[in-house]
Participant: 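Got a structure for you, written out below as structure tokens; questions coming shortly.
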Amino acid sequence: MRPTGRLHVGHLVGALGNWVPLQERYDCFYFVADWHALTSDFADTSQVTSYTYDNVADWIGAGLDPEKSTFFVQSLVPEHAELYLLLSMVVPVPWLERVPTYREQQENLKDKDLSSIGFLGYPLLQTADVAIYDARFVPVGEDQVAHLELAREVVRRFNNFFGDVLVEPQPLLTTFARLPGLDGDKKMSKSVGNTIHLSDTPDEVKKKVMSMYTDPKRVRADIPGTVEGNPVFVYHDAFNPDTLEVENLKARYRAGKVGDVEVKTKLANALNARLDPIRERRTALLANPGRLREILFDGSARARRVAAETLARVREAMKISYR
Ligand code: ADP
């Protein structure tokens, strides 16, 4: 994850929540992609390190466990940059220009200067991020599949030249679709500001839920409303474990027999119940910055040992290994 802002409940359902169970089955590596944060936000880097610590406190709050998985910071493992450089020698520029998000983001984020080599190259840096750990799987949502496809092509091309050196990563597709924003926008996103942060207080959560977008055609509580695609119900499905309550609310909403206040109050309660233990763990950690720092430095040292081994193999295969 890129340390470009505070984490929100979209990250919980779309990423963190999927990552937690993986820890029992795989040797997982989770990293804060601080260099990737620079690809779009190089003009203001003042918050990168503080978001790094803040985001990792959220990871642990959400149930990722540094005893089970390796947590690290990308820039504390500079081997990523060397592998990126070596890979860049064999990768044609049009491969990167063809990545769908390249043009898309240039068009969508008009306020940012995305003409840098860094931005063009970021899917290749992602390839290095993955290949340097011989990763067999990468947990990704649909939106990242094209990047992983590029990673696989790059690995195949590299291996064609230099032998069977790098592992081709496979996607481990996560199931949850995108969580819409509070404003009904199709994606909750830190760049839009339509988010509920994992670190919001119970009151802030309640206030945000009460202001949520619902069915715009339903101007009074006794008018039948639409449940499908209605963000309030998408959130109920995602966060309210009481399925009976959710079904009951949906039925009454469709029949025009429930007010928004009740639907939203119940949602705020469900969300706060889900966020309470996350907030608790997060607060405890942030009260002990030494521990947080130790987690990241120890994890980065561990990651670095693995990365250094891969890189030694790569240099050997490329015949640029000096002794
Ligand atoms: P970046 O840090 O590259 O800007 P994001 O913060 O948008 O990326 O997303 C980081 C991860 O969280 C990605 O795996 C993404 O799919 C997931 N994610 C972000 N927002 C949402 C959302 N609204 N719903 C579901 N998953 C999301």
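Whatever order the structure lists ligands and atoms in, that order sets their numbers, starting from 1. Please read all numbers here as calculations on a predicted model, not as lab measurements.
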Participant: With a 4.0 Å cut-off on heavy atoms, is Gly10 touching ligand 1?
Facilitator: yes

Participant: At less than 4.0 angstrom from any non-hydrogen atom of Lys187, what atoms of ligand 1 do you find?
Facilitator: 7 (O), 19 (C), 20 (N), 21 (C), 23 (N)

Participant: Counting only heavy atoms not in Glu245 (residues, nucleotides, ligands), do more than 12 fall under 6.0 Å from its CD?
Facilitator: yes

Participant: For atom 2 (O) of ligand 1, tell me which residue out of Arg2, Gln144, Lys186 has the closest non-hydrogen atom.
Facilitator: Arg2

Participant: Give me the one residue out of Asn194, Asp200, Thr195 that meets side-chain hydrogen bond (donor to acceptor under 3.5 Å, both in side chains) with Lys208.
Facilitator: Asp200

Participant: Do ligand 1 and Met188 have nitrogen or oxygen atoms that lie under 3.5 Å from each other?
Facilitator: yes

Participant: Should Tyr133 and Phe72 be marked as a ring-ring contact (aromatic ring centres under 6.0 Å, His included) after you check the CA-CA gap, both sets of side-chain angles, and the distance that decides it?
Facilitator: CA-CA 12 Å; Tyr133 299 105; Phe72 68 93; 5.3 Å; yes

Participant: Could you state the interatomic distance from OG1 (Thr127) to CD1 (Ile132), rounded to the nearest 0.5 Å?
Facilitator: 12.0 Å

Participant: For the 3.5 Å polar cut-off, considering only N or O atoms, please tell me whether Ala15 and ligand 1 meet it.
Facilitator: no

Participant: Do any nitrogen or oxygen atoms of Ser189 come within less than 3.5 Å of a nitrogen or oxygen of ligand 1?
Facilitator: no

Participant: Could you tell me, atom by atom, which parts of ligand 1 come under 4.0 Å of a heavy atom of Lys190?
Facilitator: 2 (O), 4 (O), 6 (O)

Participant: Taking atom CZ as the centre, does Arg136 end up with more than 12 heavy-atom neighbours from other residues, nucleotides or ligands that are less than 6.0 angstrom away?
Facilitator: no

Participant: Only heavy atoms of Arg178, strictly under 4.0 Å: list the atoms of ligand 1 that pass.
Facilitator: 24 (N), 25 (C)

Participant: Check ligand 1 against His8 and write out every atom of the ligand that is under 4.0 Å from a heavy-atom position of the residue.
Facilitator: 20 (N)

Participant: For the residue pair Thr4 / Lys190, report whether a side-chain donor-acceptor contact shorter than 3.5 Å exists.
Facilitator: yes

Participant: Quick one: CD1 on Ile278 to CG on Leu16, what's the gap to the nearest 0.5 Å?
Facilitator: 8.0 Å

